[in-house]
There are 4 protein chains.
Amino acid sequence: MGFDLLKGKRGIIFGALNDKSIAWKVAERAKEEGAIITLSNTPVACRMGEVVALGEKLDAKIIPADATNVADLENVFKESMEALGGKIDFVLHSIGMSLNVRKGRTYDDLDYNFLNKTLDISAISFHKMLQVAYKMDAINEWGSVLGLSYVAAQRTFVGYNDMADAKSLLESIARSFGFIYGKERKVRVNTVSQSPTLTTAGSGVKGLDGLFNFADTMSPLGNADALECADYCLTLFSDLTRKVTMQNLFHDGGFSNVGISERTMELYNKGFGQE
Amino acid sequence: MGFDLLKGKRGIIFGALNDKSIAWKVAERAKEEGAIITLSNTPVACRMGEVVALGEKLDAKIIPADATNVADLENVFKESMEALGGKIDFVLHSIGMSLNVRKGRTYDDLDYNFLNKTLDISAISFHKMLQVAYKMDAINEWGSVLGLSYVAAQRTFVGYNDMADAKSLLESIARSFGFIYGKERKVRVNTVSQSPTLTTAGSGVKGLDGLFNFADTMSPLGNADALECADYCLTLFSDLTRKVTMQNLFHDGGFSNVGISERTMELYNKGFGQE
Amino acid sequence: MGFDLLKGKRGIIFGALNDKSIAWKVAERAKEEGAIITLSNTPVACRMGEVVALGEKLDAKIIPADATNVADLENVFKESMEALGGKIDFVLHSIGMSLNVRKGRTYDDLDYNFLNKTLDISAISFHKMLQVAYKMDAINEWGSVLGLSYVAAQRTFVGYNDMADAKSLLESIARSFGFIYGKERKVRVNTVSQSPTLTTAGSGVKGLDGLFNFADTMSPLGNADALECADYCLTLFSDLTRKVTMQNLFHDGGFSNVGISERTMELYNKGFGQE
Amino acid sequence: MGFDLLKGKRGIIFGALNDKSIAWKVAERAKEEGAIITLSNTPVACRMGEVVALGEKLDAKIIPADATNVADLENVFKESMEALGGKIDFVLHSIGMSLNVRKGRTYDDLDYNFLNKTLDISAISFHKMLQVAYKMDAINEWGSVLGLSYVAAQRTFVGYNDMADAKSLLESIARSFGFIYGKERKVRVNTVSQSPTLTTAGSGVKGLDGLFNFADTMSPLGNADALECADYCLTLFSDLTRKVTMQNLFHDGGFSNVGISERTMELYNKGFGQE
């Protein structure tokens, strides 16, 4: 593929870790579509061989940053504008992590320091990124900023834990800041609510296999994968979607609007659902 | 129970067929809470022994009507006001039927005459009821009108067929007319989106058992039954909810906001979900 | 512009009337993006000089049809496949009309024959189109079908009248049929909920100017116009959005998620809102 | 009024400050409906004459607590159970505060320490309250826990600032914990999304008058006041709503589902909306 959809555009991709990452696919596809980009991730991630190799392959500067640190984010925008030769046109925020999930603390036994970190890393970092860019006036008119969300922001999924709350907060920030950024600078801000994806980050969620299978069966088109998500993100970075803002956009094979599928109904008709 | 919650109020209950009907339970409970009521249903239903007996038990006049017929509806309001001695305070619309479902026409093979009937009986009748009452000025200030809906108005449930579209239309009518009736006469209009309920009408839906079991397992509080639905309707008829209008209110044990439960996750982890 | 985004694709555009129409812009832009198309509209519209000229300009066969007539729709798909040399990849349904609006019948004084026509023309025609295409197997895998909606399907807009109910029904049909068409044939079905647009059809809505101005002021990016809507539709017809289905997608400059803007707040602070 | 709707029930009311507070009205009305209650607020608030007087009037023990402090919350439940003679049946969380709002930091210039406090006080305190109660097994089966929200959780209202994000988080917590508490102990958890209310807390929001007037004009039934909100909360504490859980319930005179009213349309038709 390659439509030159992002020709001449400059982007920053946060969160590419390995070739399973959605951010990784977005970086590769953005390049194919004619964009020039920088990559950012935590200092530890930025030293990984795979990330270094991606940077080389895509001719993309890698700029380490703790996304919860305002000064680090300022540096990412500053260095990106220098490296790319101008203001930024698109930004992907693909960052999320829950220590409660990692440490096996269930939602009725949350550690509140962990919760604060979950929210800071997975949601407030999005506000920080937007506020930094806004104050630095680092994004061009009709620029596009995307965060990645999940339908757990709307409905409860066992095991998704405090990440559900983080995603609700993330989507709210997209709306709240999207209003201001749109009104004042014509920059759009949206979230893409993606199918469960077998990324390294996702694999930390307990029972992800069950969730993945359930979603895949419920969705008439099956789950969307990381590459498909990247393609969708490109359309939202392009000039063809200039008036889409403050939205949470489901990219999930239809899952979000399915109540019950034949397969699930059969299972429950056979009594498998009885406890 | 009995709080005199509807003391002195006059109501019309459409759609009580037998003691499994939600409308039946609403009629009984409304009486217990101090209301006086009339009952309406199709001429055929009104001749059934059970309905006649209910009318006698509750001292409620039974007024036959085809709910798609404006003149019939005018008569229901006229006779009800006469029988009850004044304007009406609350109305329950518990009416729905799909010939496509009954005749086994799937959603990709709809008969369009049947679809028109589905919409007329299950949704447009609600508009007719409201328009008739509004033109006759038959409902007191702070009166309350309720329709019964189902979450299929928001998400797709296999087998629910064109009733899903009818419920979407019904909820839209509640909003659209609720605005006018609220603004002009301070009457509120809402829909209650109820758990799958094992009523006579519901039992026509193919695979209802599977749906019922699935919903019961997914809902943290289990499915709501007809009597619980009646209790909830009473609160919405009472003076304690005067500023609730134009809403679709889920009464479903939590189902509408659940994405996946432990039980479903287990099933899919075990691979039952694989096709 | 021109990315060859729809290169090699075959489309049918329903509802292009003149150069203010969204469908007109979609037709022009689809052609620019490499698609070949046919156009359909009512027999009266198809005889208009502008439509004939558009057909010539775009090298697009014009196929008259009453979109509420199943046989006519069958003919559109049949002739389109013949003219374009194969199965269809994308369809735009841009059809809507309310006699209640045209004849000045307010929502509390609806003519029910008119309401039936509103629903048939504006919503049920979408089901007919989908069912016809499905039965004829006229759409390729990963094809895309779009209807045009409006936020009145979610919230009440004075003067939008029974078109609000029609749009709710339309969106429900997109979900209901989208499930089946996705599951069985990998075809996606969505609606785009567009800003108020100064089309010939739109201008029939009473007070559209006020609505247009209000929406434009409330939306951080301002209203989306017909050309921008066309661009957005193209992305949804393209292969970059294959896993988006059963969705209602707001293309409205942010309007749908704005509660109050500075400008509106100022007006009401000054007391203009007092009645 | 007085239906004995809460006869024999034990409740805890957080956040009653003065007779403009929603929590204050809930406390008074709960007592009238036959409940016995305790009151909790910050130590400073608990020393205020009005709060002390309310406690005396309602024969309600006042238990000071910082709602962000787990130990304090444990103490509230412990002392409440002792004072009331058993497990709790209902809890009202009416707590919210934003230092960013108070200190005039706009949403594009947030202080992140303030944001953390906003979230902790206004939303995470709800999780802490639920987790504490759950671990102590302090709430009876079919108990009911309510938080107070605002439609800014769904749409952006200029000036509502980071409280919008806090309310989104609050509603998410209600869903997430509601699932667990429902499944394991049959306790329901909901939020009430209330009209703008002229409470002491609300008056800190910049431009509240404009917001209040706008909402009042848009809502067909006008804004809901604090007493009406209290009445509605009572129904949700009662046994008549046992199967309602994980919901956000709009109590707003219809505002949430209104797009534009006659009055607003007139204003914009007259060109007041032009900038």
Side-chain angles (χ1 to χ4, degrees), chain A residues 1-5 7 29 33 142 171 174-176 178-190 194-195 218-225 228-236 238-259 261-263, chain C residues 1-5 7 29 33 142 171 174-176 178-190 194-195 218-225 228-236 238-259 261-263:
Chain A
M1 243 182 299
F3 301 102
D4 275 344
L5 204 55
K7 195 173 180 180
R29 288 288 294 115
E33 292 296 337
W142 302 113
E171 294 180 9
R175 285 189 297 272
S176 298
F179 180 80
I180 295 172
Y181 225 145
K183 196 83 179 174
E184 303 302 328
R185 309 275 175 81
K186 299 203 177 305
V187 169
R188 59 205 197 272
V189 184
N190 296 286
Q194 161 71 6
S195 292
M218 289 276 276
S219 310
L221 297 176
N223 288 332
D225 66 22
E228 290 165 329
C229 185
D231 280 345
Y232 187 49
C233 291
L234 298 185
T235 68
L236 296 166
S238 82
D239 289 329
L240 300 174
T241 58
R242 282 189 170 185
K243 289 292 175 77
V244 178
T245 196
M246 303 175 68
Q247 303 299 317
N248 178 49
L249 299 154
F250 290 99
H251 180 259
D252 63 359
F255 177 82
S256 45
N257 285 334
V258 177
S261 63
E262 283 96 344
R263 183 61 187 146
Chain C
M1 246 184 295
F3 300 102
D4 276 344
L5 205 55
K7 195 173 180 179
R29 289 288 293 115
E33 292 297 336
W142 301 112
E171 294 180 10
R175 285 189 296 273
S176 299
F179 180 80
I180 295 172
Y181 225 145
K183 196 83 179 175
E184 302 301 328
R185 309 275 175 81
K186 299 201 177 308
V187 169
R188 58 204 196 275
V189 184
N190 295 287
Q194 161 72 4
S195 292
M218 289 277 276
S219 310
L221 297 176
N223 288 332
D225 67 22
E228 290 165 328
C229 186
D231 280 344
Y232 187 48
C233 290
L234 298 185
T235 68
L236 296 166
S238 82
D239 290 330
L240 299 174
T241 57
R242 283 190 170 183
K243 289 294 175 75
V244 177
T245 197
M246 302 174 68
Q247 302 299 316
N248 178 50
L249 298 154
F250 290 100
H251 180 260
D252 62 358
F255 177 82
S256 46
N257 285 334
V258 177
S261 63
E262 284 95 343
R263 183 61 187 146

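- Contact of the Ser261(A) side chain with the Phe179(C) side chain is registered, since non-hydrogen atoms from C-beta on lie closer than 4.5 Å.
- For Ser238(A), the side chain to side chain contact (heavy atoms under 4.5 Å, CB included) test picks out Leu5(A), Leu6(A), Leu240(A), Thr241(A), with sequence neighbours left out.
- Between chain A and the residues Leu249(C), Thr235(C), Leu236(C), the most heavy-atom pairs under 4.5 angstrom are made by Thr235(C).
- With rounding to the nearest 0.5 Å, the separation of CZ in Arg242(A) from CG in Asp231(C) is 9.0 Å.
- Within the 4.5 angstrom heavy-atom criterion, no atom of Asn190(A) approaches chain C.
- Ser195(A) does not touch chain C: none of its heavy atoms, backbone or side chain, sits under 4.5 Å away.
- Side-chain N or O atoms of Lys186(C) include none that pairs as donor or acceptor with a backbone N or O of Leu221(A) at under 3.5 Å.
- The side chain to side chain contact (heavy atoms under 4.5 Å, CB included) test applied to Asp225(C) returns Leu227(C), Glu228(C), not counting sequence neighbours.
- The heavy-atom pair separating Lys243(C) from Gly222(A) by the smallest distance is CD-O, 3.9 Å.
- Asn257(C) contributes a side-chain N or O that, together with a main-chain N or O of Met246(A), makes up a donor-acceptor pair within less than 3.5 Å.
- Residues Ser256(C) and Gln247(A) have side chains in contact (heavy-atom distance under 4.5 Å, counting atoms from C-beta outward).
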